[in-house]
Protein chains: 2
Amino acid sequence: MQRGQESPDAVKVRTLPVQVAALLTRRIVSGDIEDGRAPSELDISREFGVSRVVARETLKILASLDIVEVAQGRRVVVRPRAEWDYLSPLLIEWLPPEIVGELLQELHQMRVLLEPELAAMAAAGITEETLNRLKDGIDRMAVLEADPNAYLEVDHEFHMEICRAADNRILDRIMYSARWLGTASRRITNEAPAGLRRATAEHTEIYEALVARDPEGARAAMRRHLSKNYSTLLAEKGKQTRRAARRR
Amino acid sequence: MQRGQESPDAVKVRTLPVQVAALLTRRIVSGDIEDGRAPSELDISREFGVSRVVARETLKILASLDIVEVAQGRRVVVRPRAEWDYLSPLLIEWLPPEIVGELLQELHQMRVLLEPELAAMAAAGITEETLNRLKDGIDRMAVLEADPNAYLEVDHEFHMEICRAADNRILDRIMYSARWLGTASRRITNEAPAGLRRATAEHTEIYEALVARDPEGARAAMRRHLSKNYSTLLAEKGKQTRRAARRR
DNA sequence: TGGTCCAACTTGTCCTATAAGCTGATGACA
DNA sequence: TGTCATCAGCTTATAGGACAAGTTGGACCA
């Protein structure tokens with residue numbers, strides 16, 4: 001549930017507990033619910049007109065995102081926002097756009113740190129199979145430049161393939177979440193990224209470094225790719241200075 | 001639920017759905033459940049002698065860890081292992097020791113990539129408050145070298161404080177999960193880390209670089225710290241070559 | 001004042017019933 | 001014989017009521 005299995009553009013009917021969880025989270029974020037005091041199962045049941053089962057599942061979802069803490073006998077309490085699971089696309093969809101914008105930047109910062117290293121790690125022991133799949137991806141991307149959604153799907157696969165080749169399940173998981181987060185937020189903001197043609201060229205550079213089993217080259221190519229992406233991201237979203245006075 | 005709110009050494013009574021989820025996961029890992037076919041709510045209910053509500057919550061937990069995929073009307077299906085949420089301490093506790101050992105190494109690899117950069121980022125805009133808390137931590141660590149568990153608690157806080165200073169919620173979340181993972185696995189293997197005295201000295205070096213607002217110095221100090229940790233980790237666990245023929 | 005105990009509240013589990021969605025097989029029609 | 005609509009049966013989603021188990025705060029007693 002935490003991570004969407006649906007394709008990014010699918011119109012999905014969310015279950016009742018997820019809907020209620022969204023409403024509750026928004027209420028917490030907006031400050032309507034004072035910190036530390038979350039509604040009980042019965043409160044939720046009454047207020048939203050749902051069964052206790054649904055109220056229960058709602059709280060379980062919020063607990064799995066570290067938004068609240070629940071234990072038998074004790075009241076549900078709201079956990080510190082700093083520790084919520086911001087890697088979850090579910091949570092991202094419930095947050096207001098200004099926070100999502102900030103998170104997107106922080107997300108990109110993380111990718112800039114990790115992905116070049118992943119590319120370098122992958123270069124060491126990459127298999128012919130993986131290389132073939134990467135080549136496939138590039139070919140398909142070249143054709144899909146007119147269809148951003150489909151392009152991003154393949155883009156996603158391309159990067160994940162490199163992650164997988166780096167042979168580290170923890171890093172793999174992180175990047176998986178991160179990329180899902182990216183598509184989720186893109187779905188929210190309804191923005192299509194620009195510069196797909198250039199992206200294809202950059203992907204090719206990465207690919208060629210991997211073919212040559214050249215860690216340094218792969219790292220550098222990936223870094224170039226991401227830094228350019230970053231600037232287009234900034235150009236698209238405009239306001240770079242929105243993070244100014246956020247922290248508590 | 002996903003991330004433990006309990007202190008690491010607390011004896012916790014797990015809820016029924018969590019217990020069943022653990023059993024089911026182990027069964028999947030051991031190959032007793034053929035890939036793609038997971039038991040239904042009724043199957044679980046019958047087989048484990050629990051109510052359908054519990055069976056339901058079990059599946060929800062497994063779904064939140066991306067172990068299975070559940071949708072109305074469709075059978076529950078087991079998802080590819082490569083995409084399970086290995087950042088979850090819950091899942092880690094259910095996996096066999098050999099896999100946990102591998103994951104610990106991969107985890108450390110991630111820390112080596114991220115934490116030096118976090119330290120450098122933190123050095124830029126660190127506040128006096130944070131510096132004071134770090135100093136506090138070092139003082140306490142110096143006293144606690146005889147009590148590994150308490151020491152690690154403070155160690156954890158020290159590193160998290162630096163994460164927080166780096167002002168990136170995504171990276172913060174990752175490191176939070178990662179360190180929890182570390183303590184969880186340590187609880188499993190029952191191993192106490194060695195070299196606490198040296199660790200304190202290294203923490204001091206990091207702290208001093210931060211005081212000087214020196215990004216390069218902080219990065220270097222953190223890198224030294226982690227590389228040494230890595231070697232003691234290897235020394236403790238012995239078999240370095242256990243990852244040889246794992247990938248399918 | 002200090003401590004014990006209990007009542008009220010809260011979450012955990014169980015049971016039963018119905019609604020809603022999917023899948024595969026059956027059977028009608030061309 | 002091949003194609004497609006339909007439906008029965010299985011599965012998950014939601015509802016309501018009941019009791020068990022754990023926690024908390026206040027009443028009560030010494």
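Keep in mind that this is a model prediction, so the values were computed, not measured. In what follows, chains carry the letters A, B, and so on, assigned in the order in which the sequence lines appear, proteins first and then strands, with residues in each chain numbered from 1.
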Inset, instruction - Look up atom CD in A/Gln109 and atom CG in A/Leu103, then write down how far apart they are to the nearest 0.5 Å. - result: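 The CD atom of A/Gln109 sits 12.0 Å away from the CG atom of A/Leu103.
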Spacing of [X] atom [atom1] relative to [N] atom [atom2], expressed in whole Å:
X: A/Arg46; N: C/dC9; atom1: CZ; atom2: P; result: 10 Å
X: B/Gln19; N: C/dT13; atom1: CD; atom2: C1'; result: 12 Å
X: B/Arg75; N: C/dC22; atom1: CZ; atom2: C1'; result: 12 Å
X: A/Arg37; N: C/dC9; atom1: CZ; atom2: C1'; result: 13 Å
X: B/Glu69; N: D/dT11; atom1: CD; atom2: C1'; result: 15 Å
X: A/Ile44; N: C/dT10; atom1: CD1; atom2: C1'; result: 12 Å
X: B/Glu57; N: D/dA13; atom1: CD; atom2: C1'; result: 14 Å
X: A/Glu41; N: C/dA8; atom1: CD; atom2: P; result: 20 Å

Inset, instruction - Determine the interplanar angle of the A/His159 and A/His203 rings, folded into 0 to 90°, and report it as parallel if under 30°, tilted if 30 to 60°, perpendicular if over 60°. - result: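 Ring orientation, 0 to 90° scale: perpendicular.
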Inset, instruction - Using the ring of A/Tyr86 (Phe, Tyr or Trp, six-membered ring only), decide whether B/Arg173 places NZ or CZ under 6.0 Å from its centre and within 45 degrees of its axis. - result: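 Judged by the rule (NZ or CZ under 6.0 Å from the ring centre, within 45° of its axis), B/Arg173 is not positioned above A/Tyr86.
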Inset, instruction - Among D/dT12, D/dT14, C/dT11, find the nucleotide with the atom closest to the side chain of B/Val76. - result: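 The nucleotide sitting nearest to the side chain is D/dT12.
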Legend entry - Verdict with supporting geometry, B/Arg79 and B/Asp85, salt bridge (Lys or Arg N to Asp or Glu O under 4.0 Å): CA-CA 11 Å; B/Arg79 283 170 51 78; B/Asp85 183 7; over 6 Å; no
With respect to the phosphate group of [N], does any side-chain polar atom (N or O) of [X] fall under 4.0 Å of OP1 or OP2?
X: A/Ser51; N: D/dT14; result: no
X: A/Ser40; N: C/dC9; result: no
X: B/Arg74; N: D/dT12; result: no

Legend entry - 5'-most by nearest nucleotide on DNA chain C - A/Val53 or A/Leu59: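 Comparing both residues, the 5'-ward one is A/Leu59.
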Legend entry - Toward the 5' end of DNA chain C, by each residue's nearest nucleotide, B/Arg52 or A/Gly73: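 Nearer the 5' end of the strand: A/Gly73.
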Inset, instruction - Report which part of the nucleic acid B/Val54 touches: base, sugar-phosphate, or nothing (heavy-atom distance under 4.0 Å, all strands). - result: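 Result for B/Val54 = sugar-phosphate.
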Inset, instruction - Go through the N and O atoms of the side chain of B/Gln72 and the base of D/dA13, and report whether any donor-acceptor pair is under 3.5 Å. - result: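 When only heavy-atom distances are counted, B/Gln72 does not reach the base of D/dA13 through any donor-acceptor pair under 3.5 Å.
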Legend entry - Neighbour count above 12 (heavy atom, 6.0 Å) for A/Arg26 CZ: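 Counting other residues, nucleotides and ligands, CZ of A/Arg26 exceeds 12 neighbours.
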